[in-house]
Amino acid sequence: MLNGPCILKEGSASIVVVGCSRVSKKVIGDTPIIVRVSNKSVDFIARHRELKDVMKVLSSEFYRTLIHIGAEGGIVSRNAQIGEKDLKKFNTKRKGKGKDESEGGVRKKIKNMIGGDENHLHVSSQLSLFEVENIITVDAPSDGGVHSFLLLVRERLKGSMKKLSSALCRLSLPKHSNPFAVAKVRSTEEIWRWKSILSHLLRNKDIEEAQRIFLQIPSPDIHLYTMMINGYSQANRINDALHLFDSMPDRDIASWNSIIKGCLDCGDLCLAQKLFTEMPDRNVISWTSIVNGLAKFGCIDAAEKLFYKMPGRDTAAWNSMITGYCDNGRIHDAQLLFEKMPHRNVISWTAMIGGHDQNGDSDKALCLFHQMWVRGIKPTSSTFACVLTACANSPDSELGIQIHAIVIKAGYAEENFTLTSLITFYAKCKQIESSSKLLDRVEDRNVFLWTALITGYGLNGRHEEALDEFGKMVRSGIMPNESTFSSSLNSCCGLEALDRGKGIHATAIKQGFDFDVFVGNSLIVMYSKCGDVADGVKMFNSMSKRNLVSWNSIIVGCAQNGYASRALELFDEMSACRIKPDEITFVGLLTACSHSNMIEKGRQIFQLLKENPYVDVRVEHRACMVDILGRSGNLDEAEEFIRGMSVKPNVMIWLALLSACRLHCNVEIARKAAGEIFNLDPYNSAAYVLLSNIYASAGKWNDVAQTRVMMRSRGIVKIPGSSWITVHESRHEFVCGDRSNPLTTEIDKKLDWLDEKLKEHGYVCEKTFALHDVDDEQKEHSLKYHSEKIAVAFGLIVTANGSTIRVMKNLRVCGDCHTAIKLISMIVEREIVLRDSSRFHHFRDGLCSCGDYW
């Protein structure tokens, strides 16, 4: 870090800054400071007067300062005798000499180092290094140059530099009176000193300290200005960077390029373009930066025009344009440009491999890798990462395993970037145990490796393990990043674990991520999917920055939870903020209309979608429109809408119509819709179950029997209905008539009590929802023990009075249970949230958020 040695004093402790492997963040008053010097450095220090003088001052003035000589040596301190026994321990083998030091040689070296009498020295092997907080380590260079020796410090120095850099500032000022400043530094060396200090501070993101140091530099040169501009840009302080740029007495192309790149990194494309036009001179880096920026912001046509205007293009410029094409979905143009390139490097090949994969052509990506390999172009860790991702997306696990072997042979297996890709590859190939084993072999784990495993567990539906790994990571002291929080919150959604999601939210607040857009979006989704849309709205309102994902998340969340009006209001607010909707936005809006009987509003939104030139009408939108028409009872219009579609309807479209027939018990259209589904997918279990239930509701028991025989003959098994509730991170699941829970007796008593209270409020069970050909008494008994009613009764027993009960169901809630739970919420004066296969129902005071329309 330093270009000259110096001594800094803090309280009664002193530091000799010669080299450093660890400097503690606080220099405590009388804490001993060790200067470790290897055997080779002993001779080196003795030969150079200025270094020798430092050691003299150290020895004579600060008795608490200790010198450690050699990796295997003892502790040397003043005012004591060297014992014969200790000297034998002190003997070390000199590097490159192959012989042991004599006692006299050791004494002489120590004398030369500290300028004292060797009889006043003592080698102590008793003092433990663990008792010393600050250790400074240095080794001499092979070429023996003082400058090289001092430059080693810059590479070795780690830890806090605030106090150190502040003291160095004082030491380097003109006419400095520090008696320990023993070396005069030439102007070039002084510049190197400032660069080293600023570089270290900026690398450690200590922009405030870097700014303070910079302001104390007399007449900083262009390079120092440029360093600070880069530092401000990386800290997203573009205004400070622009102010500093404007104050520069002189500018070169590098400083112009830095401020342009800073504007692009901070999201100001217009200002970057303005600065580019004002540049007095440009080089290929200037052109490449603005081309890259235009592509990054989606202005691919403008980037393309500028690329072809470039007076000269190097390989980096070609690579930048190829990457821009790939990122903007123009993979064909990227391929043509790649083929025209005069010179390709490994970055060119990697860009094309990653581009084809991210644009949905993983097989082409793997084919390009094969061509690259045949041509003898050596892949980098980035190349292997792209190839492994393509193998996972293909999916081609066998090729991926072969790539893993090549990675090991190439020496990249221990690199974090490649290792992260390997963990993700095995997770996507449903080999999560292999991912876990890869991480188990790593001693020094970082946030990226752990996040890859957490995400992998989530992809494999093993959300408990994902959250366990998150807990281990936090306890080990590794701070999560945005992706870690997102993956962990996704696993909370998978488990419907609202309490655990709130715990992760608390961790995000402590780590300062609660205002991050990426984490904020994940929190909105988590709260919405766990049925707590009110907290989701609060999270959305608290976000200072929002993107399209933020708006989509809250619109879809409100739609799924029955707050259609609020979803439509949010869309109006989104339009006022000039945020352009995408496909997901329209799915959310149409879903809101579907769940709230807003037929005309649904038609208007669908028309708005068709007129939008930037959004394609997809099958999901058409299915929503069928659902809107069907739920409202316009089944003939819904069927006509399907048959008039410009594309062939798929299973999803016909299932939407069949579900609507179930609501309105329309057997005729149901038969036609089911027939279309069976032609497309003869083994679709949902269609058989819906058709059977429609027949049962209509009392057509012969048709029910025939449908069930058809299911058995084709090996189709109905998924049993089940409901579950999570209490204290434990999931309790129930099926119809369940008797397996340890609290079955208490549940029966609670159900009997609820049955009496329901009848007092005029409840009569709706026997049409008992889908078996049995007498009325058996139907009534069957309805009483539906899984959702058992789960609600269990929740009333094990949760605190007044708390919200949250129940999840894998199928659509039946009409009888819906009516009963509405009344139960009024009887027990508690909110009950029930999520079925299509939406959330919030029961409160005898009403449901769906308005009895679902």
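Values below: all heavy atoms of this structure, side chains included; hydrogens, waters and symmetry mates excluded.
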From [X] atom [atom1] to [Y] atom [atom2], the distance as rounded to the nearest 0.5 Å:
X      : Y      : atom1 : atom2 : result
Ile827 : Trp753 : CD1   : CH2   : 6.5 Å
Ser685 : Ile716 : OG    : CD1   : 7.0 Å
Phe734 : His786 : CZ    : NE2   : 15.5 Å
Ser837 : Met808 : OG    : CE    : 13.0 Å
Ile824 : Lys789 : CD1   : NZ    : 7.0 Å
Asn490 : Ile454 : CG    : CD1   : 12.0 Å

Give a yes or no on whether a salt bridge exists between [X] and [Y], defined as a side-chain N under 4.0 angstrom from a carboxylate O.
X      : Y      : answer
Glu676 : Arg643 : yes
Asp516 : Lys545 : no
Glu746 : Lys749 : no
Arg830 : Asp845 : no
Glu637 : Arg603 : yes
Glu464 : Arg500 : yes

Would the distance check show the side chain of [X] and the main-chain N or O of [Y] forming a donor-acceptor pair, the cut-off being under 3.5 Å?
X      : Y      : result
Asp755 : Leu758 : no
Ser522 : Phe518 : yes
Asp748 : Leu751 : no
Ser596 : Cys593 : no
Arg835 : Phe840 : no

Could you check whether [Y] and [X] have their ring centres less than 6.0 Å apart?
X      : Y      : value
Tyr457 : His463 : no
Phe540 : Trp551 : yes
His505 : Phe485 : no
Phe586 : Phe606 : no

Task: Asn547/Ser550 under side-chain hydrogen bond (donor to acceptor under 3.5 Å, both in side chains): CA gap, chis, key distance, verdict - done: CA-CA 5 Å; Asn547 57 17; Ser550 313; 2.9 Å; yes

Under 3.5 Å, is there a donor-acceptor pair between the [X] and [Y] side chains?
X      : Y      : answer
Asp572 : Ser575 : no
Ser553 : Asn521 : no
Arg708 : Tyr688 : no

Task: Ser632 vs Asn597, side-chain hydrogen bond (donor to acceptor under 3.5 Å, both in side chains): CA-CA, chis, key distance, verdict - done: CA-CA 6 Å; Ser632 61; Asn597 198 21; 4.9 Å; no

- [ ] Over all heavy atoms of both residues, which pair between Leu590 and Cys624 is shortest? Give the atoms and the distance, please.
- [x] CB-CB, 3.6 Å

Task: Steps toward side-chain hydrogen bond (donor to acceptor under 3.5 Å, both in side chains) verdict (Ser692, Thr707) - done: CA-CA 6 Å; Ser692 175; Thr707 303; 5.5 Å; no

Open item on the list: I'd like to know whether Glu600 forms a side-chain hydrogen bond (donor to acceptor under 3.5 Å, both in side chains) with Gln604, so could you lay out the CA-CA distance, the side-chain angles of the two residues, the decisive distance to 0.1 Å, and finally the verdict.
Closed with: CA-CA 6 Å; Glu600 291 306 317; Gln604 291 173 18; 5.5 Å; no

- [ ] Test salt bridge (Lys or Arg N to Asp or Glu O under 4.0 Å) on Arg566 and Glu573 and set out the steps.
- [x] CA-CA 10 Å; Arg566 181 60 181 142; Glu573 293 176 23; 3.2 Å; yes

Pair up each side-chain donor or acceptor in residues 664-672 with any protein partner under 3.5 Å, not counting sequence neighbours, and list the distances.
| from | atom 1 | to | atom 2 | distance (Å) |
| --- | --- | --- | --- | --- |
| His664 | NE2 | Gly630 | O | 3.2 |
| His664 | NE2 | Arg631 | O | 2.9 |
| His664 | NE2 | Gly633 | N | 3.4 |
| Asn666 | OD1 | Glu668 | N | 3.4 |
| Asn666 | OD1 | Ile669 | N | 3.1 |
| Arg671 | NE | Tyr695 | OH | 2.9 |
| Arg671 | NH2 | Asp703 | OD2 | 3.0 |
| Lys672 | NZ | Glu639 | OE1 | 3.4 |
| Lys672 | NZ | Glu639 | OE2 | 3.2 |

